[in-house]
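Working notes, structure below.
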Amino acid sequence: MMEASPVITFTINDQKVTAKKGWTVLETAREYGIEIPTLCHHPAVKPSGACRLCMVELKEKNWSKLVASCIYPVAEGINVYTETPRVHNVRRWILEMLLASCPASPEISALAQAHGVVSTRFKIHDPSQTCMICGLCQRICEEVVGLSAIAVVDRGVHKKVGSPFMRPTDVCVACGCCLTVCPTGAMKDIFDTVRGEPKMPLTQLAM
Ligand code: SF4
Ligand code: SF4
Ligand code: FES
């Protein structure tokens, strides 16, 4: 007989919740319809914790800490809060950083605005940038499609996403998965540098 997965009990916003061992706080919150904003998370691939937008606060009597809910595993008796002043504050900072790192992304602007963030105090290095280098496109290509047509290359401020040597590659089968999951719309601009021949209009791909 198969052993039932152990059940973990804890609270989110003072509501008692149960989760299976190995779940993350985000997975549990979604199971209960509790909203936590995310960008680099997709249920089809392993979480990476790249964007930090999903931060929540863990509180005990004498301490509290912020954790990224998409990578934080559930544990018995923890108390998670998704809408505290600390959480709102860190979300605003992250959205300001995103407005500076991908200022040309309408998706990021809309998300920031929805959280009351309309400007950034951070330096904008490239006003035309839309990619937040979250790597989600690469993870989908690898883990779901089973290919490695794209990767995050270079370091620091030169980091970018693309095919090897930024040249079209036949490894890409033009399935459109990376386009579909990209949270900032950046893949639309990058895609023509990735696909090998024959070229296929974006409109014919899964969008
Ligand atoms: S293209 Fe999109 S999915 Fe890929 S790293 Fe940039 S923002 Fe993330
Ligand atoms: S379209 Fe190409 S790069 Fe994008 S997920 Fe599919 S194979 Fe990978
Ligand atoms: S959604 Fe959790 S770090 Fe991006």
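Numbering starts at 1 and runs along the sequence shown. Start at 1 and go down the list; that is how both ligands and their atoms are numbered. Only heavy atoms go into these numbers, but all of them, side chains included; no hydrogens, no water, no symmetry mates.
Coordination check, Cys175 versus atom 6 (Fe) of ligand 2: passed, since an N/O/S atom of the residue sits under 2.8 Å.
When only modelled atom types and interatomic distance are considered, Thr84 and Glu57 share a side-chain donor-acceptor pair under 3.5 Å. The closest side-chain donor-acceptor pair between Arg86 and Ser64 falls under 3.5 angstrom.
Within the sub-2.8 Å shell of atom 6 (Fe) of ligand 1, the protein contributes these N/O/S atoms: Cys131 SG.
By the criterion of a heavy-atom distance under 4.0 Å, neither the backbone nor the side chain of Pro47 is placed next to ligand 3. Neither the backbone nor the side chain of Ile71 comes within 4.0 Å of ligand 3, counting heavy atoms alone.
A salt bridge links Glu96 with Arg121; the closest basic N to acidic carboxylate O contact falls under 4.0 Å.
Scanning all protein heavy atoms for the shortest distance to atom 2 (Fe) of ligand 2 gives Cys172 SG, 2.4 Å. For atom 4 (Fe) of ligand 2, the nearest non-hydrogen atom of the protein is Cys178 SG, 2.3 Å. Atom 3 (S) of ligand 3 has as its closest protein heavy atom Arg52 N, 3.1 Å.
The environment of Glu60 atom CD is dense: over 12 non-hydrogen atoms of other residues, nucleotides or ligands sit within 6.0 angstrom. With a 6.0 Å radius and a threshold of 12 heavy atoms from other residues, nucleotides or ligands, Glu76 has its CD atom above the threshold.
Close placement of the Trp93 and Phe122 rings is indicated, their centers lying within 6.0 Å of each other.
Near Leu147, meaning under 4.0 Å from one of its heavy atoms, ligand 2 places the atoms 7 (S). Annotation for ligand 2: atoms under 4.0 Å from non-hydrogen atoms of Phe191 are 1 (S).
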